[in-house]
Amino acid sequence: MTRTAPETMDETDVIDLLQTQHGMIRNLFDEVEQAPADERGEAFTRLVRLLAVHETAEEEIVHPFARHAIDGGDGVVDDRLAEENEAKELLSRMDEAGPDAPDFMPNLLMLRAAVEAHARSEERYEFAQLRAHTSEAQRRSMAAGVKAAEAMAPTHPHPGTESATKNLLVGTPIAMMDRVRDTIRKAMGKNP
Ligand SMILES: [Fe+2]
Ligand SMILES: [Fe+2]
C-alpha cells in the first residue's frame, strides 16, 4: 500500500517524515498526470498543498538548523533554497494559468523533474549529514513542527475530515505557504 496520508503518519524523526513526504509528492505527481481532465485541478490542488506544507516546513525548521549543524551548511542550504524558489515560481505560474492551460502538462513534467532533483539533492547533501550531526531528541523536536504543518494538507479527499481542513489551505501557493508558516511557528513556540 502506498502511504499518501500525512495526517496518519507515525514517524517521529523529522528526516524520516520529510523523506516519506518526498515519496508522497512523487505519488501525487503520478495522480495529477494520470487524472482525467475534469479531475486534474482537484489533484493538482492537493499537490500544491503538500508542496506548500513540505517546502515551508523545510524552510522553517530543517534548513536553518542545517546551516549550523552540517559541514559547509550555508552553501548546501543556499543551493537548496535556490532550487525551492525556482520551483515555487513555476508552481505559481501554473496555479495562475490553471489546469486547463494548454501548457499545463509540459509545465507539470518540468516541475516534477525540478522537484524530484531537488529532493534527491536534499537527501544526498543535506539530510544524510543532518542525521549524522543531530541527536534523536533534536530530530523528534523538529518533527513536531512538520506534523503540525502536515495536518493542514490531507492528500486524499476524505469525506468528513476534508470539511475540517478544506478552508485552511486555499488561495495561491504563496498564500498557502504563509498560512503553513504561521502554523509551524506557533507549533514551535516562535512568534510569527
Ligand atoms: Fe525542499
Ligand atoms: Fe524536501
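Just follow the structure's listing: the first ligand is 1, and inside any ligand the first atom is 1.
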Glu83 N/O/S atom closer than 2.8 Å to the Fe ion (ligand 1): no

From CD1 (Ile61) to CG (Leu17), nearest 0.5 Å: 9.5 Å

Heteroatom of Glu122 nearest to the Fe ion (ligand 2) (N, O or S, atom name): OE1

Heteroatom of Glu84 nearest to the Fe ion (ligand 1) (N, O or S, atom name): OE2

His118 N/O/S atom closer than 2.8 Å to the Fe ion (ligand 2): no

Minimum-distance atom from the Fe ion (ligand 1) among N, O or S atoms of Glu55: OE1

Proximal heteroatom of His54 relative to the Fe ion (ligand 2) (N/O/S): NE2

Hydrophobic cluster membership, Leu109 vs Leu91, 4.5 Å side-chain cutoff: no

Carboxylate-amine/guanidinium contact Arg80 Glu83, below 4.0 Å: yes

Sole residue of Arg124, His118, Arg120 in side chain to side chain donor-acceptor pair (under 3.5 Å) with Glu122: His118

N/O/S from Glu58 sitting under 2.8 Å away from the Fe ion (ligand 2): yes

Gln138 side chain vs Ser135 backbone, donor-acceptor pair below 3.5 Å: yes

Main-chain N/O of Leu50 paired to His54 side chain as donor or acceptor, under 3.5 Å: no

N, O or S atom of His63 closer to the Fe ion (ligand 1) than 2.8 Å: no

